[in-house]
Amino acid sequence: MRQHLNIQEHLLKLEYEFEKKEYEEMSRQAGIQRRIRQGKCLYPISGGRTFYNALNQLVIEVFNDMEGDQPDREAEFEPGRPVAFFRTEDDHERPIFFTWSCMVSRVDGQRLLITIPNTQAAETIRQYARTSHLGVQLSFDATSHHVMREAIHKVSTTDNPRLQHLRNVLIGSEQPSFRTEQPLPFPWLNQSQQKAVMKVICAREVAIVHGPPGTGKTTTLVEAIGETLRRETQVLVCAQSNAAVDWIAEQLLARGISVLRVGNPMRVSDSLLDATYERRYESHPDYTELWAIRKAEREAIAKLSSRNASATERRAAGSQLGKLRNRRTELEIRINEDLFAQSRVIACTLIGTASRVLERKHFSTLFIDEAAQAFEAACWAAIIKADRVILAGDHCQLPPTVKCREAEMQGLSHTLMQKVAKEKPTCVELLTVQYRMHQDIMRFSSDWFYQGRLTAAPEVALRTVFPLDTPMVWIDTSKLGFEEQLNPLSQSRLNTSEGLLLVKTLRDYIRQLGIDRMLRERIDFGIISPYKSQVQLLRKLVRQSSFLQPIRHQITVNTVDGFQGQERDVILISMVRGNDEGRIGFLNDLRRMNVAITRARMKLIVLGDASTLSHHSFYHRLVEHITEHGELRVEQPDDAAGHNA
C-alpha cells in the first residue's frame, strides 16, 4: 500500500516535469502567432476596468482584440488557470513577460476577468495596452500538481484512524462494509438505479455507481445525494472539471437542494450564478460594512506609504488600520460561517478542496462525479476531508489526460475508481437500462465493454430518424486511396479527403431529411473526430458550406473529449487513419471510441478505412456489427468522385 502511494507520487513527478519542460520549450521556441493558434495565448489584448471582487482580489477586464471569427482556435483559458502578461513592440519579437502572479477568474466570450496583485500592475497593463502590443499567455500550472502530491503524502503518513481505515479499504487488503437497511421505494427509478441508491445509503466506506452511456447516472446520483441528506446535515460533491461540477450542482439546485459552489465555475448559467461563493458572499447582509472597511483599510495603507503624509497622520492611519483589520477578520469569519451553515451541498473541483475556503472543513460523505476521469491523487485530495466516499462515473469511457508517455505506460491513467471496481466488486452497482440510443447502436458497446448487461428502454430501443432507416452505417474508404497527413504545427493527424466526403455525406442526409423538418423538429447533428486537426478541418468545411448555413446552429463539431457527456440525434465520426501498415495510433484508446459511438440517439455514421482499422480486433468487430445490424457502404472511386463538390 505504501509502495502503491510512492509509485503514484513518482508518476506525478514525471508528469509534472514533462508538463513543465513542455511549457518552457513552448515559451522559448514557439512564436506568438503559433501560440495563438495553439490556444495558449491571446494577443493583442486591451485593458478594461478594474475592481475588487467579493474575496477582496483586484480584478482587471481584458479583451481579445484579434479581428475576425476564430472558431478554429482551441483556446484553453478557463477560470483557475494561471496566466502571465507580456509586452512586445512587434508581433515577431520575443515577448517580455511581467513577473506578477495572475489567474483567470472568469471567461465570457472575448472578455476575460483576471486577478492581478495590485493597482500598479493594472496601470502597467493599461499603459502598454495604449502604447504597444500587450498579450496574455497561459502559465505553467504547478498548483494542481502540488495539491495532488501533498495529498498523497498526507494519506501515506496519516495517523488519523478513520483516514487509515478508508485508505486500507480503498487500496489495501481490508474489505468494504455495508449497513443493513430495508429497501426504500423509488418508483421513478428503474431497478438498477434503485439498487445503486441503496448501495450508497448502506456503504460505510465506499460505493461505486457505474453509469454506462445514457443510463441515468446523474439522475441516480442526485437521488442518492438527496437520500444521504435525509441522514446527514451536509455533503461534499466534487468532480475533476469545473464543467462537471457545474452540471451536477445545477441538477441539485433544480431539485431544491441548497448548494454552495466554491471556486470558479467554467460556465456560470443563470440558475447557478446565485449559488457561487462569490455571489452569495456579496449578498450577505454584512457585506456592505465589510466592503466599506476594506476600502478604508486600503486608504489607510496608502496613507502610511504616502510621502506627503505627516508623522501624526501616519500614526493615526496605523492605529486605525489595526482596528479595521480586526473588524474585517471578524466579519469575514462570520460571513463564511453563515454561508456554509445555510448550504446542504458544498460543490467544487477535486483540486478546489485544497482552497482556503475549505480549510479545516470535514464531511461525513464525499461524492465524486466523473471519478473515472480523475487522477487518483486528485481524488485523495478530497477524500482527506471525508469519512466515506461515493464514486460515480464509467471507467470504460474517457480516462484522465496524461501528457507524459512514460507516466501513462506505468499506470498514471489508471484511476482510483478503476482500481476499486476491480479489487472490491461488492462496492459496485452497474446501471443497466439506457435511455439514449437505438438498441443496435447500444449493443456493440454493451457487448464489448459491459458484458452484454445493458438493455435499451422501450421508448428508445427502435427509434430512428426515418421509418425503416438503418441506425448504423460504415462508409468504407479503403478503395479510395485516402491518405492521412500529419499536421506539423500540432503533430495531430488529419485526412482532408475523408473530411470532404463526410461533409458531402452530411449534406446528402440532410437533403433526404429536409431542412424544414430538421428545423421544425430540432433534429441535431454531431461530427466527431479523435484528432484535433481533423476537427479544425471539419469546422472549416461546415462553415464554408452555403447549404449548411441555415442549420449550422444544429451541427456541433468537436473532439471525442469535447463530446463527453453529450448526445445528438445523428452522429458522424471521421476516423482519419489510412495506411498500408494498419497503424491506428491514438485510436488504440478504445475508451475514447466507446464515448464516440455512444453519442448517437438514432443514427451513427462512421467514415473510415476498414482495411487499416480492422487490423485491431475492436474495429474488426465493430465493422462486423455494423454490417450485421446496419449497412456497410464500400465507396468506389467513381462514387466518390464528386465528394469535392
Side-chain angles (χ1 to χ4, degrees), residues 211-219 247 397-398 433-446 454-475 499 501-530 534-535 538-539 541-543 545 547-575 592-608 622 625-626 629-631 633:
T215 54
K217 184 256 303 173
T218 300
T219 299
W247 172 246
Q397 295 189 61
L398 290 181
V433 182
Q434 68 86 20
Y435 300 88
R436 173 183 298 164
M437 66 201 95
H438 190 286
Q439 63 183 10
D440 291 341
I441 300 173
M442 174 209 71
R443 190 171 292 131
F444 176 79
S445 176
S446 175
L454 303 189
T455 59
E459 59 267 32
V460 302
L462 299 174
R463 186 176 57 178
T464 56
V465 180
F466 299 106
L468 303 180
D469 189 20
T470 54
M472 296 177 294
V473 178
W474 185 295
I475 299 177
L501 180 57
L502 183 144
V503 174
K504 177 183 181 296
T505 303
L506 174 65
R507 290 198 305 264
D508 291 345
Y509 193 81
I510 291 174
R511 285 192 180 100
Q512 183 183 3
L513 173 64
I515 288 181
D516 288 344
R517 183 187 167 200
M518 182 177 169
L519 291 169
R520 184 176 63 255
E521 299 182 17
R522 298 182 181 178
I523 297 172
D524 50 12
F525 287 70
I527 300 174
I528 301 176
S529 179
Q534 187 74 352
V535 167
L538 290 165
R539 284 177 176 165
L541 294 174
V542 169
R543 192 169 65 251
S545 171
F547 174 79
L548 298 176
Q549 182 64 34
I551 48 176
R552 270 179 56 190
H553 62 286
Q554 287 172 232
I555 301 172
T556 306
V557 187
N558 215 330
T559 60
V560 179
D561 296 57
F563 263 100
Q564 172 75 355
Q566 300 187 42
E567 57 190 74
R568 297 293 186 273
D569 293 319
V570 181
I571 288 289
L572 297 93
I573 304 175
S574 174
M575 305 295 283
R592 276 190 160 79
M593 194 48 52
N594 186 33
V595 172
I597 63 180
T598 56
R599 300 307 95 190
R601 298 188 190 104
M602 295 184 279
K603 182 83 171 182
L604 174 66
I605 302 173
V606 182
L607 286 86
L622 179 59
H625 178 82
I626 292 178
H629 300 281
E631 176 187 358
R633 188 184 305 166

Kindly compute the distance separating [atom1] ([X]) from [atom2] ([Y]), expressed to the nearest 0.5 Å.
X	Y	atom1	atom2	answer
Leu572	Arg599	CG	CZ	15.0 Å
Ile527	Ile573	CD1	CD1	11.5 Å
His438	Leu462	NE2	CG	5.0 Å
Thr505	Arg507	OG1	CZ	9.0 Å
Gln564	Asn558	CD	CG	12.0 Å
Thr559	Leu538	OG1	CG	12.0 Å

Kindly give the heavy-atom pair with the smallest separation between [X] and [Y], and that separation in Å.
X	Y	value
Val606	Met575	CG1-CG, 3.7 Å
Leu454	Met442	O-CE, 3.6 Å
Ile528	Ala596	CD1-O, 3.9 Å

Sequence neighbours excluded - salt bridge (Lys or Arg N to Asp or Glu O under 4.0 Å) pairs with any residue from residues 554-569: Arg436-Glu567, Asp561-Arg592, Glu567-Arg601, Asp569-Arg601
Salt bridge (Lys or Arg N to Asp or Glu O under 4.0 Å) partners of residues 510-521, not counting sequence neighbours, each pair once: Asp508-Arg511, Arg517-Glu521
[X] side chain near [Y] side chain, heavy-atom distance below 4.5 Å:
X	Y	result
Ile555	Leu506	yes
Pro212	Gln434	no
Phe525	Ile605	no
Pro471	Gln439	no
Leu604	Phe444	no
Thr556	Asp524	no

Under the ring pair (Phe, Tyr, Trp, His ring centres under 6.0 Å) test, residues paired with Tyr435 that sit two or more places apart: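 In terms of ring pair (Phe, Tyr, Trp, His ring centres under 6.0 Å), with neighbours along the sequence ignored, Tyr435 is linked to no residue.
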Results of ring pair (Phe, Tyr, Trp, His ring centres under 6.0 Å) for Phe563 - residues two or more places apart only: none
Set of side-chain contact (heavy atoms from CB on, under 4.5 Å) partners for [X], sequence neighbours left out:
X	result
Ser445	Phe449, Tyr450, Asn594, Thr598
Pro530	Val560, Phe586, Leu587, Met593
Leu519	Ile515, Ile551, His553, Gln554

Residue pair Leu548, Ile510: steps toward the side-chain contact (heavy atoms from CB on, under 4.5 Å) verdict: CA-CA 9 Å; Leu548 298 176; Ile510 291 174; 3.8 Å; yes
Partner set under side chain to side chain donor-acceptor pair (under 3.5 Å) for Thr470, not counting sequence neighbours: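 Applying side chain to side chain donor-acceptor pair (under 3.5 Å) to Thr470 gives Lys603.
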Which residues share a side chain to side chain donor-acceptor pair (under 3.5 Å) with Gln534, sequence neighbours left out: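 For Gln534 the side chain to side chain donor-acceptor pair (under 3.5 Å) partners, ignoring immediate neighbours, are Ser574.
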